[in-house]
Structure formats: structure tokens, C-alpha cells
There are 2 protein chains.
Amino acid sequence: MKFNIKDVARKAGVSISTVSRVVNDSKAVRPKTKEKVLKAIEELGYKPNAIARSLKIKNTKTIGIMIPDISNQFFPEVVRGVEDVANMYEYNIFLCNTDMDKEKEIQYFNVLEEKQVDGMIFMGNIIPEELEKKFQACDIPIVLIGTDYGDLPSVTINNGQASKDVVNYLIKKGHERIAIITGKAYDPIVGITRREGYVEALEKAGIVYSEELVVEGGYRFKSGYEGAKKLLSLNNPPTAIFVASDEMAIGAMRAALEKGITIPDELAIVGFDNIDMAGKVYPSLSTVAQPMYEMGAIGMRVLTKILNDETLENRKVVLNYSFVERESS
Amino acid sequence: MKFNIKDVARKAGVSISTVSRVVNDSKAVRPKTKEKVLKAIEELGYKPNAIARSLKIKNTKTIGIMIPDISNQFFPEVVRGVEDVANMYEYNIFLCNTDMDKEKEIQYFNVLEEKQVDGMIFMGNIIPEELEKKFQACDIPIVLIGTDYGDLPSVTINNGQASKDVVNYLIKKGHERIAIITGKAYDPIVGITRREGYVEALEKAGIVYSEELVVEGGYRFKSGYEGAKKLLSLNNPPTAIFVASDEMAIGAMRAALEKGITIPDELAIVGFDNIDMAGKVYPSLSTVAQPMYEMGAIGMRVLTKILNDETLENRKVVLNYSFVERESS
DNA sequence: TTGTATGCGTTATCAC
DNA sequence: GTGATAACGCATACAA
């Protein structure tokens with residue numbers, strides 16, 4: 001049995017306005033009346049209908065989050081960050097897996113808009129033009145995490161600098177033949193920025209950049225595995241590989257281990273992200289630690305600020321990363 | 001600028017009912033009229049307000065999913081399964097992290113109910129009594145994944161049998177000193193059922209059950225690591241450890257590896273779940289494969305069946321698991 | 001085939 | 001302090 005505000009009003013012998021007032025304790029209600037109402041609510045097990053409420057007050061206390069794939073190690077941590085602060089501010093989150101597929105992104109965007117989410121969080125390194133237009137056109141606040149685009153609010157780290165740091169570290173360790181396994185070539189972050197950092201660092205160190213040491217990966221374990229296999233079968237194989245994501249790095253380690261190559265003595269490997277498993281595999285993986293949870297938490301915090309009309313001192317949050325040296329390098 | 005059904009009605013020179021009809025293409029509308037309406041919709045960029053719609057038709061096309069923690073390796077995969085079929089049936093999902101905390105579970109339950117979700121999916125091995133009462137009292141269909149309780153619909157695997165299989169496998173491999181690292185003692189699945197399977201298999205094989213070979217774990221890496229350390233420092237250490245979750249198993253492997261113990265020659269390790277990383281660590285982990293994605297997908301499918309009043313031939317779905325033999329055993 | 005009118009469960013504005 | 005009542009944006013029964 002489901003009761004509505006009318007039912008409790010009748011039961012308490014008051015008007016629905018009074019019930020509404022005690023439910024939201026908006027305006028003063030005589031204690032005695034309040035008590036009556038509370039009792040009626042209790043007895044009926046009344047729960048306000050948030051949908052009706054939303055229709056009236058024009059917000060839903062829900063936000064949508066679009067990520068490529070929750071089953072990809074990187075995202076659960078940031079989603080957790082998002083959800084934790086969302087929960088603090090009494091928002092619920094719609095989780096949407098886009099697979100970085102343009103059609104799905106647009107479809108999700110549309111239903112999120114129809115469902116009147118108060119805000120959206122978007123992850124997915126590349127933002128298709130069509131989607132970007134929608135972002136601009138709609139009046140729902142959107143914050144980007146892990147990417148940056150136009151004047152949309154975003155929270156990121158300095159990917160280029162982080163890559164340089166890794167390569168410099170490797171150089172300092174005495175490596176000269178340093179390979180890289182990147183993301184997709186068209187990916188502005190994992191495919192481009194991180195590779196650029198790598199190239200720049202090499203150049204600055206006066207190491208000639210060699211095409212054969214750059215291989216394009218596909219984010220997952222397998223592509224790291226295969227990329228490393230390819231690199232290790234070169235006539236003059238690298239002594240170090242910088243892998244642009246941890247999952248691929250773990251694949252690369254696997255390839256080396258299978259070949260009987262010892263890590264880090266014969267081959268150093270450094271990843272990127274610091275997913276949970278990076279510290280748990282054996283040997284443990286040196287990597288660039290992205291503050292994933294914080295990225296999510298802060299991204300959501302930024303969103304709440306926008307939603308509350310608080311002043312945003314900084315629309316472009318750039319978080320600190322750190323290099324975590326472990327056994328693999 | 002946001003337009004509503006009235007705006008497009010005015011613009012198209014028809015009534016709102018006609019607009020509604022073409023939007024939902026419910027009843028026949030003269031092609032010419034339809035065209036006019038469509039044009040107006042197009043020009044205004046009209047999007048129906050799903051909240052208003054929900055209020056009227058009394059469903060929201062959204063479901064809630066409560067899980068302990070999305071950043072725990074096991075859940076992303078099942079959530080992905082849920083979301084994929086939810087998406088197929090045009091549902092959106094509210095993601096809720098409960099940390100298996102009773103208060104959070106109840107709080108989430110309440111807001112999900114207020115937000116009028118059409119259904120709920122619950123994970124979390126133990127169902128507090130208070131929550132269970134709410135499950136019974138409410139008229140929102142709920143399906144359990146990974147747990148079973150009362151007459152609620154559920155999708156699980158046979159945990160007891162799986163445990164027996166593991167232990168029998170280990171025995172067949174020649175092991176006699178077989179240890180187990182379980183979940184929390186009060187956890188009906190990981191703490192109790194899986195341990196019971198272990199005990200039964202030992203008994204049936206005529207191996208005396210030894211208290212010191214049973215240690216209670218806490219699901220995460222660290223507790224597996226510490227549990228194994230404890231076991232390996234026994235005067236008469238085990239030659240095989242059955243670890244009731246993969247993440248703990250990877251921790252256990254780490255402990256062994258650090259001690260210079262070779263796996264599987266000196267120590268066999270078998271996990272449970274077959275999380276993504278199980279096949280990626282080195283040495284790779286033998287484990288019981290729970291069909292996580294399917295559990296999610298089928299759970300959601302069951303829910304849609306209930307929501308569509310399709311007949312449920314089976315309220316208690318028990319899925320097949322499989323034993324995956326890898327390098328660690 | 002189309003339009004009018006009512007109600008979904010709230011909140012909020014106005015009287016009292 | 002409290003109670004009518006008008007929105008909120010839509011779907012639908014009924015009338016035309």
C-alpha cells in the first residue's frame with residue numbers, strides 16, 4: 001500500500017500544506033500539529049514521492065556520470081570518489097558505460113537530459129564534436145574528469161609533464177633505449193600527450209628518437225602484452241619500456257617474464273595510473289600515480305559548487321600526480 | 001531555453017494531446033499533422049520531460065543497484081552486466097556503494113524508494129534483518145545477486161560445491177595439508193558456505209581437519225597477504241592454500257613469493273572469483289570462475305521479467321561456475 | 001483524427 | 001499557523 005500526502009493529511013486531520021511543511025520543515029508549524037502529522041506519517045509509512053517533488057521544484061538531486069567502461073580498472077576508483085561526495089551532498093548517480101562509443105554517448109546524454117539530471121560528469125578522452133555541441137547547448141552543468149576541452153570545467157593531471165618525469169627517471173637510471181607503448185594514436189591524452197612528453201624528454205636528453213620504439217596500444221592487458229613482445233623481438237631491444245597505462249604495463253611484464261627476461265635487471269617497466277593491482281603484482285609495478293579517487297571526488301565537488309552557485313575559483317583543476325617507484329624499474 | 005509540450009503544440013498549431021501522441025506514437029495521427037509536429041519539435045529542440053512523464057505513468061525506467069564497493073574488483077564486472085541489459089531494456093541505473101554498512105543500505109533503500117525506482121538489485125552477502133523487512137514490505141521488485149535469502153529472487157552459484165571441487169582437486173594433486181583463508185566468519189557465503197565445503201571435502205577424503213589451517217580473512221589483498229604469512233610460519237606449514245577470494249589469493253601469493261617459496265612447486269594456491277587480474281598476475285592464479293558478468297546480466301534480466309509481468313520459470317537461478325586451472329596450482 | 005479536461009503528488013503563493 | 005488552490009509537464013479518457 002502506498003500513501004501520499006493527501007492520505008496523511010486526512011489521517012492527521014490537517015491540510016496537505018501542513019504536511020508538506022513538516023516534511024520539509026520549511027515554515028513554523030505548531031508543535032502539537034507537527035506531532036500529529038509525524039504520527040500519521042509514521043503510521044502510514046508515508047514516503048514523499050521524489051518524482052512529484054522534482055517536477056515541482058525543478059531539480060532531481062541526481063547526476064549522470066558517463067565513463068568508458070566500469071570494468072576497466074581505472075574507473076571504479078574515480079566513480080567511487082564521485083559517488084562518495086555525491087552521497088555527501090545527497091545526490092544519486094546514474095552510471096553510464098559508453099565504451100567511448102559516440103552513439104552511446106549521445107544516446108546517454110539525451111536520456112540523462114530527459115531525466116532532468118542536475119549535472120553530468122564526463123570521462124572519455126576524446127569528445128566527439130556532436131557531443132561537444134550538445135554540451136555547449138544544454139544548460140546542465142558538466143564537468144570533465146581526466147580530459148580537458150574548451151572552457152568546460154575539468155579536473156586532470158599534467159600528463160605531458162608526468163611522461164617527461166618517467167622518461168627522465170629512466171634516463172637517470174642509465175637507460176638509453178627506452179620504448180613506449182601508448183594509447184590509441186587519436187587519443188588526445190594517452191595517445192598524444194603522453195607520447196609527446198616521452199619524445200620531448202628524449203630530445204632534451206639528446207637521445208635520438210627511434211620510430212621502432214614507439215608502439216600503439218589499446219589500453220587493455222593484451223595490447224600491452226603484444227606490444228612488449230614486438231619490442232622485445234627487435235634486433236636491438238629496449239632496456240626500458242614506458243607503458244602508458246598500468247593494465248598494459250602488466251601485460252608487458254607478462255611478456256617479458258615469459259621470455260625469461262628478468263625485471264628490472266634486464267628490462268625496466270614503468271606504467272601509468274597506479275591502479276590497485278600495480279602494487280600487488282609481482283614484481284610490483286613502478287608507475288605514475290593518478291589520484292583517481294580524488295579526481296572523482298573533486299570533480300563531483302566542482303559540480304556541486306556549480307549547482308550551488310558557489311563561486312568557482314578555478315574551473316580547470318590540475319591535480320598533483322606522483323611517481324611511485326616499485327620493483328619493476 | 002527549455003521548451004515543453006505546450007510550446008511545441010502552439011508552434012505546430014495543434015493541441016498538446018497530438019504532440020503527446022506523436023512523441024509516443026501511441027495513436028494514429030494524420031501524417032501531415034505528424035509532420036508539422038515533428039518539425040516544431042525539431043525547431044525548438046524539444047525534449048520530453050521524463051520526470052513529468054514518470055509522475056503520470058507511474059514508472060521511471062530506472063532501477064537501483066546496491067553493491068558493497070565498486071572499487072572492489074569483483075563488482076565492476078557484474079555492474080557492467082547489469083548495466084548492459086538495463087540499457088537494452090531502456091533502464092538507467094542508480095549506483096549505490098554500501099560498504100556493507102547497514103545504515104547506508106537502509107538510507108539508500110529509502111531514497112531509491114522515494115525516487116520511485118522500478119526495481120532494485122542488491123548485492124552484499126549479509127542482509128540485515130531491518131533491511132530484509134523493508135524488502136518484504138515494499139512493492140518494488142528486488143533481485144539478489146550473489147546471495148540468497150528467503151523467497152526473494154536471486155542469482156548465485158553453488159558456493160559449497162565449488163569449494164569442495166577445489167579441495168578435491170588439491171587432494172587429487174597429492175596435497176594433504178591444505179589451508180583455507182576465508183571471508184568474515186559471519187559472512188554466509190564467503191565466511192561460512194565456502195569454509196563448510198572445504199571442511200566437508202576434507203572429511204570425505206579422510207583428512208583430519210586442523211584448526212590452525214583455517215584463517216579468517218577480510219576480502220582485500222592485505223588480509224590474504226597476512227593470512228598466508230601466518231600459515232607459512234607454522235611449524236608444519238600447508239602445501240596448498242585455498243583462498244576464498246582472488247584478491248586475497250593474490251596477497252597470499254605475494255607473501256609466498258617474498259619468502260622465496262616457489263609457486264606451485266612448494267606451495268599451491270587457488271583463489272575464488274576469477275577477477276580480471278587472476279589471469280594476469282605472474283604466476284597466474286588458479287581459481288573458481290564465477291560468471292560475474294552473467295550474474296549481473298541475468299540478474300537484471302530477471303528483474304525485467306518481473307517488471308514486465310513475464311512468467312518467471314525460476315526465481316532462484318543457480319549459474320554454473322567452472323574451475324580454471326592456471327599456473328599457481 | 002483531433003481537442004478538452006482531469007489528475008499524477010508535490011510545493012508555494014496567497015488568503016484567512 | 002493553517003488551508004485552499006494554482007502550477008509543474010505530461011498522458012489519457014472522453015467528447016467532438
Side-chain angles (χ1 to χ4, degrees), chain A residues 1-38 40-41 44-62 110-111 113-118 139-140, chain B residues 1-41 44-62 110-118 139-140:
Chain A
M1 207 75 251
K2 235 175 176 177
F3 299 101
N4 61 21
I5 200 171
K6 241 183 199 160
D7 298 315
V8 351
R10 193 179 314 122
K11 175 128 194 163
V14 300
S15 74
I16 60 170
S17 343
T18 327
V19 177
S20 177
R21 282 186 200 108
V22 346
V23 168
N24 303 299
D25 50 32
S26 44
K27 277 185 184 167
V29 173
R30 185 140 45 93
K32 222 170 173 179
T33 323
K34 186 169 179 176
E35 201 179 325
K36 274 195 302 184
V37 174
L38 254 15
I41 288 177
L44 294 181
Y46 165 73
K47 285 216 182 113
N49 181 325
I51 293 295
R53 178 163 210 277
S54 290
L55 179 60
K56 180 66 187 168
I57 67 178
K58 294 181 178 316
N59 72 37
T60 52
K61 281 290 184 182
T62 102
N110 286 333
V111 330
E113 202 177 6
E114 289 184 7
K115 288 196 173 171
Q116 316 292 128
V117 295
D118 295 339
D139 36 35
I140 300 174
Chain B
M1 205 76 253
K2 233 173 175 179
F3 299 100
N4 61 22
I5 199 171
K6 240 183 201 162
D7 297 316
V8 352
R10 192 179 315 122
K11 174 128 190 163
V14 299
S15 75
I16 62 168
S17 3
T18 347
V19 177
S20 177
R21 282 183 200 111
V22 347
V23 167
N24 302 300
D25 51 33
S26 44
K27 275 184 183 167
V29 173
R30 185 142 42 94
K32 223 171 175 177
T33 323
K34 184 168 179 176
E35 201 178 326
K36 274 195 300 186
V37 173
L38 255 15
K39 192 166 150 247
I41 288 177
L44 296 181
Y46 165 72
K47 282 213 184 116
N49 181 325
I51 294 294
R53 178 164 210 278
S54 289
L55 179 60
K56 181 67 188 168
I57 66 179
K58 294 179 177 316
N59 70 41
T60 53
K61 281 291 183 182
T62 102
N110 286 334
V111 330
L112 288 177
E113 202 177 5
E114 289 184 7
K115 288 197 173 170
Q116 317 290 318
V117 295
D118 295 339
D139 36 36
I140 299 174

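Here the structure is a predicted model, which is why all the values come from computation and not from measurement. In what follows, chains are A, B, ... by sequence order, proteins preceding strands, each numbered from 1. Side chains are part of it too, since the values below use all heavy atoms of this structure and drop only hydrogens, waters and symmetry mates.
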*Starting at atom CG of B/L55, determine the distance to atom P of C/dT11, rounded to an integer number of angstrom.*
12 Å
_With a 4.5 Å cut-off on side-chain heavy atoms, are A/V22 and A/T33 touching?_
no
*Nearest heavy-atom neighbours spanning A/Y46 and A/I5*: CE1-N, 3.5 Å
*Would you check if A/S15 and A/T18 make a side-chain contact, meaning some heavy-atom pair closer than 4.5 Å?*
yes
*Between NZ of A/K27 and OG of A/S17, what distance do you get to the nearest 0.5 Å?*
10.0 Å
*Figure out the CD1/P separation between A/I41 and C/dT10, and round it to whole Å.*
10 Å
*Can you check whether A/N24 reaches A/R53 side chain to side chain, under 4.5 Å on heavy atoms?*
yes
*asked:* Less than 4.0 angstrom between a side-chain N/O of A/N24 and OP1 or OP2 of C/dT11, yes or no?
replied: yes
*Name the closest nucleotide to the A/A28 side chain, picking from D/dG1, D/dG9, C/dG9.*
D/dG1
*Taking only N and O in the side chain of A/K58, is any of them less than 4.0 Å away from OP1 or OP2 of D/dG9?*
yes
_Tell me the interatomic distance from B/I5, atom CD1, to C/dT4, atom P, rounded to whole angstroms._
14 Å
_Please list, in numerical order, the residues of residues 7-19 of chain B that have a heavy atom closer than 4.0 Å to any atom of DNA chain D._
B/I16, B/S17
*asked:* Once you apply a heavy-atom cut-off of 4.0 Å, does B/K34 come out as touching a base, just sugar-phosphate, or nothing?
replied: nothing
*Name the nucleic acid region contacted by B/Y46, choosing base, sugar-phosphate or nothing; use a 4.0 angstrom heavy-atom cut-off, strictly under.*
sugar-phosphate
_Non-hydrogen side-chain atoms of B/N4 and B/N49 separated by less than 4.5 Å_ = no
*Send over the distance from B/N4 CG to D/dC8 P, rounded to a whole Å.*
8 Å
*Any side-chain heavy-atom pair from B/I140 and B/E113 closer than 4.5 angstrom?*
yes
*Among the candidates C/dG9, C/dT2, D/dA11, find the nucleotide nearest to the side-chain atoms of B/R53.*
D/dA11
*Do B/V111 and A/K61 have side chains that get closer than 4.5 Å, going by heavy atoms?*
no
*Heavy-atom distance under 4.5 Å between the side chains of A/N110 and B/K47, does that happen here?*
yes
_Pairwise distance CG(B/D7) to NZ(B/K2) - rounded to 0.5 angstrom_ = 12.5 Å
*asked:* Using a 4.0 Å heavy-atom cut-off, does B/I57 contact any base of the nucleic acid, only the sugar-phosphate backbone, or nothing at all?
replied: sugar-phosphate
*In Å and rounded to the nearest 0.5 Å, what is the CD to CG distance from A/Q116 to A/L55?*
9.0 Å
_Just the rounded figure in Å: distance from P of D/dC10 to NZ of B/K61._
19 Å
*Nearest 0.5 Å please: distance from the NZ atom of B/K11 over to the CG atom of B/L44.*
5.0 Å
*asked:* Please pick, from D/dA11, C/dA12, C/dT2, the nucleotide with the shortest atom-to-atom distance to any side-chain atom of B/T33.
replied: C/dT2
*Between B/K6 (NZ) and C/dA5 (C1'), how many Å, whole number?*
12 Å
*Spacing of B/K34 atom NZ and B/I41 atom CD1 [to the nearest 0.5 Å]*: 10.0 Å
_Let me check the geometry of the helix from C/dT1-D/dA16 to C/dC16-D/dG1. What is the bend angle between the axes at its two ends, five pairs each, to 10°?_
40°
_Rounded interatomic separation in angstrom, taking NZ from B/K47 and C1' from D/dC10_ = 17 Å
Polar-atom pairs under 3.5 Å, protein N or O versus N or O of nucleotides 14-16 of chain D: list them with distances, or write none.
none

*Between D/dG9 atom P and A/E113 atom CD, what is the distance in whole Å?*
15 Å
*Of all the nucleotides listed (D/dA6, D/dG9, C/dT2), which has the minimum atom distance to the side chain of B/N49?*
D/dG9
*Of the nucleotides C/dT1, D/dG1, C/dA12, which one has an atom closest to the side chain of A/K56?*
C/dA12
